[in-house]
Number of protein chains: 2
Amino acid sequence: MVAQISPQSADASAEPALGLTDEQVNRVFRALADATRRDIVRRTLTAEASISELAADYDMSFAAVQKHVSVLEAADLVARTPKGRERIICGNPETIRRVQELLGHFEQIWRSRIDRLDAFLSERPE
Amino acid sequence: MVAQISPQSADASAEPALGLTDEQVNRVFRALADATRRDIVRRTLTAEASISELAADYDMSFAAVQKHVSVLEAADLVARTPKGRERIICGNPETIRRVQELLGHFEQIWRSRIDRLDAFLSERPE
DNA sequence: TTAAAGTACAACCAAATGGTTGCACAAATC
DNA sequence: GATTTGTGCAACCATTTGGTTGTACTTTAA
């Protein structure tokens, strides 16, 4: 067994991928793995809202929603800006775009495999 | 506080989104929130491999890798097919594509907001 | 100036996660 | 037939997660 520090693609140590740290990518996917949090992202992408406005629509405590927002903020999927006594939450489309792009790379990896297979097959017509 | 059964977009109960259940989406994002698992997806998207082949490259027990594969399989990011005494793992590009598409919807939501804002601004030139 | 609204944060808890070891079993090899 | 190889699975453990309640602080409103 080869002890492998970084389980990432074998090229480099801590790869930036698309400017996103390995840990950042973890945080983003983790944050998106919850329906309430996805809903918050959707809502705050459409129109900014305060935490209590958000909390009013979910069947859980204010503190719980507050925690969800914190998770989203840590993942940079959402920004929290003070405005008087409330905190305005608004979604960050840039992070969404980056993750989408990252998944695009996966598809590309797969596609290149198919291309290699095609090339191999066309080399030997029968 | 309005008790809300589904925290999803307010339109329907259990929305199919892109054919993916809410729980399925949870599973997929959760599965992708781990560098080792992302690496396994990449590898098996490039070329299929047995579990022990995979396990040889990570600094953890066979059972741990086995568990990671199970998580990926439950998320339909990977398929496990028996072949003799070994299980061949290969990545599923279709699920990747679906999640990518789902994120595309998020971007679209944001874009439509900007469009509405633009329309609003052009209505009142000053 | 008091009260209410909005937030922050700590303490606590049950359940899930991510790892381990150990054992059982089927398939390939000697 | 005996052994090794590849797998599945259970039991266990530490840590994280996702929720709760309670308390305190700041800003707005009465």
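To find a chain, count down the sequence lines: A is the first, B the second, and so on, and within it residues start at 1. Keep in mind that the numbers below use all heavy atoms, side chains included, and drop hydrogens, waters and symmetry copies.
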Non-neighbouring partners of B:E86 that pass side chain to side chain contact (heavy atoms under 4.5 Å, CB included), sequence neighbours left out: B:S50, B:I88
Side chain to side chain donor-acceptor pair (under 3.5 Å): pairs with one or both residues in residues 108-120 of chain B, sequence neighbours excluded: B:E107-B:R111
Residue pair B:E48 / B:I89, side-chain heavy-atom distance below 4.5 Å: no
Stepwise salt bridge (Lys or Arg N to Asp or Glu O under 4.0 Å) test for A:R98 and A:E101: CA-CA 5 Å; A:R98 284 193 184 180; A:E101 204 173 321; over 6 Å; no
For A:R30, salt bridge (Lys or Arg N to Asp or Glu O under 4.0 Å) partners two or more places apart: none
Heavy-atom protein contacts under 4.0 Å, nucleotides 10-26 of chain D, coded B base, S sugar-phosphate only, - none: -B-----SSBBB-----
Range on DNA chain C touched by chain B, heavy atoms, distance below 4.0 Å: C:dT17 to C:dA28
Side chains of B:T95 and B:N92, donor plus acceptor under 3.5 Å: yes
Positions of residues 73-84 of chain A (non-hydrogen atom under 4.0 Å from DNA chain C), listed by number: A:R80
Heavy-atom side-chain proximity of A:D76 to A:V28 below 4.5 angstrom: no
Intermediate values then yes/no, side-chain hydrogen bond (donor to acceptor under 3.5 Å, both in side chains), A:R80 and A:S70: CA-CA 9 Å; A:R80 179 196 322 228; A:S70 291; 3.2 Å; yes
A:L103 side chain reached by B:L32 side chain, heavy atoms, under 4.5 Å: yes
Pair A:R27-A:T21, side chain to side chain contact (heavy atoms under 4.5 Å, CB included): steps then yes or no: CA-CA 10 Å; A:R27 264 182 246 126; A:T21 302; over 6 Å; no
